[in-house]
Amino acid sequence: MKKTPMILQLALILFCIMAIPTAILTWYSGSQIIQNSEVAIGESTLAGLNANRKLNENALANLAQDTSRLAATNIFDRIRSLETYDEINANYNNVSLALSVTKELLNLNRRVDGVYSSYFYLNDSDYVFSTDSSITTLERYESIDWITEALEGRRGISGVWVPRKLESGENVVSYVYPLNRLSSTTRGIIVVNLKESQIGKYLHATEIGDSNYLLLDSDGKVISYNDHSLLLSDGRKLPYLQEILNQESSEGYTFHELDGKRMIYAWSRSAVSGWWNVSWSSMDELMIKSRDMQGNIILLTGAIILLGTLLAIFLATWLSRPLRQLVRTIRSKSDLGVVNKNELAFLDMAFKRMQEEEESLFQLLQEREQDTRSLAVHRLLRGEIPPRITEAFPEVGYRVVVVSIDQYRRYVGNTNVETRSYHRYLLNAKYESFFPEGILARSVYHNDGCIVIVLNFAPDESGEKEGLIRQALEQIRDQSLELLEHSVTIGVSDLADAPERVALRLFEAMEVIKRRMINGAGSIMYWHDEEDGSRKYLDSESSERRILNFLDAGELAGIFKELQSIRSQIASEENISYDNIMFIYYQLMGATIKHLRENHISTGRMVMGRGNVYSILAAMDTLDELEEYLHGFFTEIVQSLDRSTSETNHAERIIHYLKKNFREEIVFEDMAKEIGISYSYMRKIVYEQTGNSMIDFVNQLRIEKAKELLLDTECSIKQIAAEVGYYNVQSFNRFFRKYEGMPPSSFKSAKSKSS
């Protein structure tokens, strides 16, 4: 390639610059057109499906509202006492009342398009009021046994929608609405049969092309479909329907292959009824225009690439002319020893020579311009002696000052990274300016909220400079408090007379900072030599035993008094070490945790939930913080132990109350007030004690009592239902079947045969 003439190389480069991006752009734009078209079609299909779903929901909601309004009238109260068909026909007045009910049902049919029929059944009667058979006995009318099963899963006071096929062969969706205490004192059921064909009209309101629309209930049963042979069948057996119904999203669309065609499937689940609206259409027909556009773009791209090739040759010739002239000039003035190379290779060699010279010059400048002052300080603190040390630190005397931010964990929690960086920059600049002439100060950030200041000065016997240093340190303390809104503790090392001892002086200053535990935050402390043997060792074993005894008794006041005693004993010992102080509190914490576990008390929520308690103690600066933390620690333990005892007492009272009053209609909120706890807390206790909700536990008590009455008495099912707290036989049958797997009558027969 280096021997290829520069003109050909430039022509090839220009061609690639134009042709490759053009080809990539063509491919990308074509794929984006197809992708965006599919997305637009998918969203349009989904929008149409949602529109159809809302139209259907509105129609069903209107019908449900009309039914509930009819139930709220007093029309049914007039015939509440007419329990038999013969009583209706006993006199003209009864017949007139019955006909008025039929008339209202007819009016209900006329309010919504597509209603096939409707009827009303009075509980425990032997007849129905219907719009298709007027007033007739149950024997002459279609069976209404399906109503009990339809109402089993009902929640609240609203009705339920049930897709089914009438005895006449008509497919309908029936709205079953039981009268309730809020709307009427009469007990009965209104049933309105809406034609499946009317629902199909709503589903096809925005139909485009060969789209297919399908309505399924929450269990996958087909409610409406243009193929009536599949009505009321399992719709999940249709292609891809099972996969769609398993989607977590309530609406969306997807693409699948069906019979060699690419199809778009859209689905939308009703938040009101849980029904699924599904549609599918052929993408091949919908994408014809997009694919034609993609083909035209490819042809146009080919023409552009051809013209670009000719243009690249022309531009290569024109652009390379100045470079060829430059190469001729350089060759005439210098000999780089480059032969059998094209113009670009020659220029590359020349530029490399220039780059090498520039890098050597830059390296020299970088060495001169580096911050020798900061580098010298860091090396001194590490125990290294930097070159030309006397230029950075001309005097023989050194002191190391450590400025430590008090309650550093709290400071970090209240400030972000950018703010802390700004504080470090500002403090470093200010600290150096606080020291007067004759005292050289170099400030650097060390770690964990510590700024180290290396002071270099000529010692004097008068102590004047030491006084000036003290004044500067007080300024540092005050200015730091104003800027950080946190106090700082300052530790000052002993005097060093050689740079080799600066690292040791840093250790001394860091050790001085630990005296903050006794002296408190915001102190300025100096290092002074101490013999290790002069430090007294304290042991708080007796206080630990007393604290554990108070903990068993739940006496927080006694615990706080012992903590104060430990703190006073520590504060009274002038030579106690930092390690001894931390050992005392570590030992107390460990003894407490061990005592709880030996007494089989879980420490997970009370102790481990607070994080690593030993790390938290180690991060504290003063005895005040330690004592405050331990106050909260022991308070939480005592409160947790009290809660455990309280929960046991409440559980016994709740279970006793439910077993005593399960036959009554219990209002759980009032029950909670009577016991003296919140309703949510009472539910939690019952679930933890029984493993069931409160309603399930009450129903289980009722069913167990009902089983005894079925076996030991001759009472009727209706009498037993009332005895155990159910107001109607239907509810009693439903709950008995739920917990025993069979109706009460079958249970009694089975037990009688086995005995």
Query raised in the report: On the ring face of Phe668, is Arg683 found with NZ or CZ under 6.0 Å from the centre and within 45° of the axis?
Result: no
Query raised in the report: Between Arg702 and Tyr726, is NZ or CZ placed under 6.0 angstrom from the six-membered ring centre and within 45° of the ring axis?
Result: yes
Salt-bridge test for [X] and [Y]: reply yes if a basic N is under 4.0 Å from a carboxylate O, no otherwise.
X	Y	value
Arg164	Glu142	yes
Asp219	Lys221	no
Lys54	Glu57	no
Glu740	Lys707	yes

Crowding at [atom1], [X] (>12 non-hydrogen neighbours, <6.0 Å):
X	atom1	answer
Phe255	CZ	yes
Asp259	CG	no
Ile695	CD1	no

Report task. I would like to know whether Ser268 and Asn277 meet side-chain hydrogen bond (donor to acceptor under 3.5 Å, both in side chains); could you show each step before the answer? Result -> CA-CA 5 Å; Ser268 177; Asn277 292 65; 5.8 Å; no
Please report the interatomic distance [atom1]([X]) to [atom2]([Y]), rounded to the nearest 0.5 Å.
X	Y	atom1	atom2	value
Leu709	Ile720	CG	CD1	5.5 Å
Gln247	Tyr265	CD	OH	13.5 Å
Leu63	Leu108	CG	CG	6.0 Å
Leu216	Leu238	CG	CG	8.0 Å
Leu97	Leu82	CG	CG	7.0 Å
Ser117	Leu166	OG	CG	6.0 Å

Query - Counterpart residues, side-chain contact (heavy atoms from CB on, under 4.5 Å), relative to Gln730 (two or more places apart) - result: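 Once residues adjacent in sequence are excluded, the partners of Gln730 under the side-chain contact (heavy atoms from CB on, under 4.5 Å) criterion are Asn728.
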Query raised in the report: Is the ring centre of Tyr119 less than 6.0 Å from the ring centre of Tyr141?
Result: yes
Query raised in the report: Do Phe120 and Phe76 have ring centroids that are under 6.0 Å from one another?
Result: yes
Closest approach of [X] and [Y], non-hydrogen atoms and distance?
X	Y	answer
Leu231	Ser224	CD2-CA, 3.7 Å
Arg187	Leu122	O-CD1, 3.4 Å
Ser143	Glu167	N-OE2, 3.6 Å
Tyr225	Leu230	CE2-CD1, 3.5 Å
Ile135	Ala98	CD1-CB, 3.2 Å
Phe736	Pro743	CD2-C, 3.8 Å

Requested in this report: For the residue pair Tyr175 and Tyr177, categorise the inter-ring angle as parallel (less than 30°), tilted (30 to 60°) or perpendicular (more than 60°).
Outcome: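 Tyr175 and Tyr177: parallel rings.
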Requested in this report: Please state whether the rings of Tyr240 and His256 are parallel, tilted or perpendicular, taking 30° and 60° as the class boundaries.
Outcome: parallel
Any side-chain donor-acceptor pair under 3.5 Å between [X] and [Y]?
X	Y	answer
Asp86	Thr84	no
Ser118	Asn109	yes
Arg53	Asn56	no
Asp696	Gln700	no
Ser125	Glu83	no
Asp113	Gln198	no
Glu665	Tyr727	yes
Asn692	Thr690	no
Asp126	Thr137	no

Query raised in the report: Glu251 and Leu46: side chain to side chain contact (heavy atoms under 4.5 Å, CB included), yes or no, with the steps?
Result: CA-CA 8 Å; Glu251 66 175 32; Leu46 182 59; 4.1 Å; yes
Report task. Please report the C-alpha distance between Ile199 and Val173 in whole Å, then the side-chain angles of each, then the deciding distance to 0.1 Å, and finally whether the side chain to side chain contact (heavy atoms under 4.5 Å, CB included) criterion is met. Result -> CA-CA 9 Å; Ile199 292 180; Val173 178; 3.3 Å; yes
Report task. Go through the steps for Leu710 and Phe747 under the test side chain to side chain contact (heavy atoms under 4.5 Å, CB included), then give the verdict. Result -> CA-CA 8 Å; Leu710 285 169; Phe747 175 82; 3.9 Å; yes
Report yes if some heavy atom in the side chain of [X] is under 4.5 Å from a heavy atom in the side chain of [Y]; otherwise report no.
X	Y	answer
Tyr213	Asn226	no
Lys195	Glu170	yes
Thr136	Phe129	no
Glu104	Thr73	no
His228	Glu196	yes
Leu214	Trp280	yes
Val192	Tyr116	no
Ser281	Asn212	no

Would you say the side-chain atoms of [X] pair up with the backbone N or O of [Y], donor to acceptor, closer than 3.5 Å?
X	Y	value
Ser68	Gln65	yes
Asn74	Asp77	no
Ser270	Ser273	yes
Ser746	Met742	no

**Report entry** Derivation and outcome, salt bridge (charged side-chain N to carboxylate O under 4.0 Å, His left out), residues Arg69 and Asp66
**Finding:** CA-CA 5 Å; Arg69 280 196 289 267; Asp66 291 340; 2.3 Å; yes
Query raised in the report: Is there a side chain to side chain contact (heavy atoms under 4.5 Å, CB included) between Thr102 and Ser130 once you walk through the steps?
Result: CA-CA 6 Å; Thr102 305; Ser130 68; over 6 Å; no
